[in-house]
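A short write-up of the structure that comes next.
From a predicted model like this one, the values you see are computed outputs, not experimental measurements. Remember, it's 1-based here, ligands and their atoms both numbered in the order they're listed.
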Amino acid sequence: MARKRILVTGGAGFIGSHLCRRLVADGHDVVCLDNYFTGTKDNVAPLLGSTNFELLRHDVTFPLYIEVDEIYNLACPASPIHYQFDPVQTTKTSVHGAINMLGLAKRTRAKIFQASTSEVYGDPDVHPQTETYRGNVNTIGPRACYDEGKRCAETLFFDYYRQHRLNIRVGRFFNTYGPRMRPDDGRVVSNFIVQALRGEPITIYGDGLQTRSFCFVDDLIEGIVRLMNAPDDVVGPMNLGNPTEFTIAELAQLVIELTGAKSKIIHMPLPEDDPMQRCPDIGFAKRALGWEPAIPLAQGIERTIAYFKTIV
Ligand code: NAD
Ligand code: UDP
Ligand code: UDP
């Protein structure tokens, strides 16, 4: 594969750090951009010795002038507690960040990938979610800064695609988990594992009957790289996720079983606008990329538990 100069925004975050590792291993020149809002240098520490890897402290809401061949735009806090901490900044990151990275792509004629999300579907009334479903998002709720920011970013990507003939890719990631999630990330998989390992109560929000479909990060990375390298008529939006659906109560049971924890389960209030069900239809990714997740939940959770045992 030809060596490319690749920018990964949000590269010091959970998914970004796995993507950087993959691209460095593939022999590319990788610039990892991050403002360290939720990411850490520790996540990319093993890459720091590589001559084809460099770190750039920068906020995507400000312009950036460098020369690159490809951009993966992942900068944006993804956990509800983090993206709701400063919601105005979250929208700015998605919208101004997309404008700046698209401007950079336009000037350099770089191919550009947007990390979109299943949150563009909101609390879906179509199940499983196909890419043609237009979603059910509350425009003024606490999740809107993230959901609408990501929706607007998709709009910008497709306008630059039509208006400026940019080579774009849009992947809609569904819930992803794995090593290098922060212990205080706040998302369900890391919360449950950390609680179990510490012998603390497992906090189920609501009755636990809401569903999610969890994708192990290695599977997602393979899907992202395949979409970026697909023929130019495969632009997306494309769902990338694991179509096996679980209730949150089932996830809690699995984590208790696999950790052997004595934790009891407690129920806490369901956050406002928390989607009741989520499951991707990945037919498009299967047909266009020959991709589907290979790692079942129990196996991925075991690997994630092994990681958290080393840090909590
Ligand atoms: P994360 O919070 O671990 O990573 C986000 C990274 O972006 C962090 O390193 C953070 O410091 C950085 N960042 C935030 N604002 C920035 C800014 N203004 N300028 C520069 N850097 C900034 O989250 P993640 O789970 O790795 O998510 C990565 C991307 O994937 C995000 O765009 C997220 O919306 C998307 N996504 C993730 C999931 C998931 O389940 N993890 C699902 C759907 C979409
Ligand atoms: N931009 C950037 N790096 C570049 C080129 C542009 O950060 O290499 C930013 C620039 O600040 C601009 C945005 O991207 O505001 C959009 O650029 P575009 O050329 O599309 O729009 P214009 O400059 O005409 O507003
Ligand atoms: N959740 C939970 N306990 C927790 C954290 C989350 O029951 O400690 C629930 C949350 O209400 C939601 C689901 O787990 O229904 C997934 O939450 P997460 O924040 O991981 O992702 P998202 O809601 O963005 O899919």
So between V188, T176, T203, whose heavy atom ends up nearest atom 20 (O) of ligand 3? V188
Nitrogen or oxygen of R187 less than 3.5 angstrom from that of ligand 3: no
Measure the distance from atom 17 (O) of ligand 2 to every protein heavy atom, then report the residue, atom name and distance (to 0.1 Å) of the closest one. G103 CA, 3.3 Å
for atom 15 (O) of ligand 2, nearest protein heavy atom and its distance come out as N100 OD1, 4.1 Å
Does any non-hydrogen side-chain atom of I305 lie less than 4.5 Å from one of L197? yes
Quick check: does D34 get an N/O under 3.5 Å from an N/O on ligand 1? yes
Over 60° means perpendicular and under 30° means parallel, so classify the ring planes of H18 and F14, tilted if in between. perpendicular
Residue K106 vicinity, atoms of ligand 2 by number, heavy atom under 4.0 Å: 18 (P), 19 (O), 20 (O)
Using a distance-only test with no angle check, is there a side-chain donor-acceptor pair under 3.5 angstrom linking Q195 and S263? no
With atoms numbered from 1 as shown, which atoms in ligand 1 lie under 4.0 angstrom from a non-hydrogen atom of G13? 3 (O), 4 (O), 8 (C), 9 (O)
Less than 4.0 Å from atom 25 (O) of ligand 2, is there any heavy atom belonging to the protein? no
Just going by heavy-atom distances, which of M276, E119, H82, R143 is nearest to atom 23 (O) of ligand 3? R143
Salt bridge flag under 4.0 Å for residues D159 and R162: yes
Give me the nearest non-hydrogen protein atom to atom 4 (C) of ligand 2 as residue plus atom name, then the distance to 0.1 Å. Y65 CE2, 3.3 Å
Consider every N or O of D274 and every N or O of ligand 3, then say whether any pair is closer than 3.5 Å. yes
With salt bridge (charged side-chain N to carboxylate O under 4.0 Å, His left out) as the test, pick out the partner of D69 among R5, K4, R3. R5
Using a 3.5 Å cut-off on N or O atoms only, is H164 in polar contact with ligand 2? no
Looking only at heavy atoms, is any part of E119 under 4.0 Å from ligand 1, and if so is it the side chain, the backbone, or both, or is it neither? neither
If we ignore angles and hydrogens, is there a donor and acceptor under 3.5 Å between the side chains of H127 and Q129? yes
Using a strict cut-off of less than 4.0 Å between a Lys/Arg side-chain nitrogen and an Asp/Glu carboxylate oxygen, indicate whether E119 and R143 qualify as a salt bridge. yes
Could you tell me whether ligand 1 has any atom less than 4.0 Å away from a heavy atom of R182? no
For atom 18 (N) of ligand 1, which candidate among N175, D59, N100 provides the closest heavy atom? D59
Can you find an N or O of N73 that's nearer than 3.5 Å to an N or O of ligand 1? no
So, regarding T93 and ligand 1 (criterion: nitrogen or oxygen to nitrogen or oxygen, under 3.5 Å), is there a contact or not? yes
Closest non-hydrogen atom pair, C215 against L220: SG-N, 3.9 Å
Look only at interatomic distance and state if G39 has a nitrogen or oxygen under 3.5 Å from any nitrogen or oxygen of ligand 1. yes
Does some non-hydrogen atom of Y83 fall short of 4.0 Å from ligand 1? no
Flag yes if more than 12 heavy atoms outside R109 fall under 6.0 Å of its CZ atom; otherwise flag no. yes
Contact with ligand 2 for F62, non-hydrogen, under 4.0 angstrom: no
Under 4.0 Å between a Lys/Arg side-chain N and an Asp/Glu carboxylate O for R151 and E154? no
Any atoms of ligand 3 less than 4.0 Å from a non-hydrogen atom of I204? List them with their elements. 7 (O)
Residues K286 and D281 bridged, charged N to O under 4.0 Å: no
Find all atoms of ligand 1 within a distance of less than 4.0 Å from any non-hydrogen atom belonging to G10, and give their numbers and elements. 6 (C), 7 (O), 9 (O), 12 (C)
Under 4.0 Å from a heavy atom of I99: which atoms of ligand 2 are those, numbered in the order shown and with their elements? 13 (C), 14 (O), 16 (C)
Do D26 and R21 meet the salt-bridge criterion of a basic N to acidic O distance under 4.0 Å? no
For ligand 1, is there an atom lying under 4.0 Å from some heavy atom of S116? yes
Heavy atom of H82, distance to ligand 1 below 4.0 Å: no
Taking a cutoff of less than 4.0 Å between a non-hydrogen atom of the residue and any ligand atom, is P271 in contact with ligand 3? yes
Closest non-hydrogen protein atom to atom 43 (C) of ligand 1, residue and atom name please, with distance? F173 O, 3.1 Å
Tell me the protein heavy atom at minimum distance from atom 21 (O) of ligand 3, and give that distance in Å. N175 ND2, 3.5 Å
Under 4.0 Å from any heavy atom of N191, which atoms of ligand 3 are there? 4 (C), 5 (C), 8 (O)
The atoms of ligand 2 lying under 4.0 Å from a heavy atom of P63, numbered in the order shown, are 7 (O), 11 (O)
Got an N/O contact under 3.5 Å between L64 and ligand 2? yes
Any L74 heavy atom less than 4.0 Å from ligand 1: yes
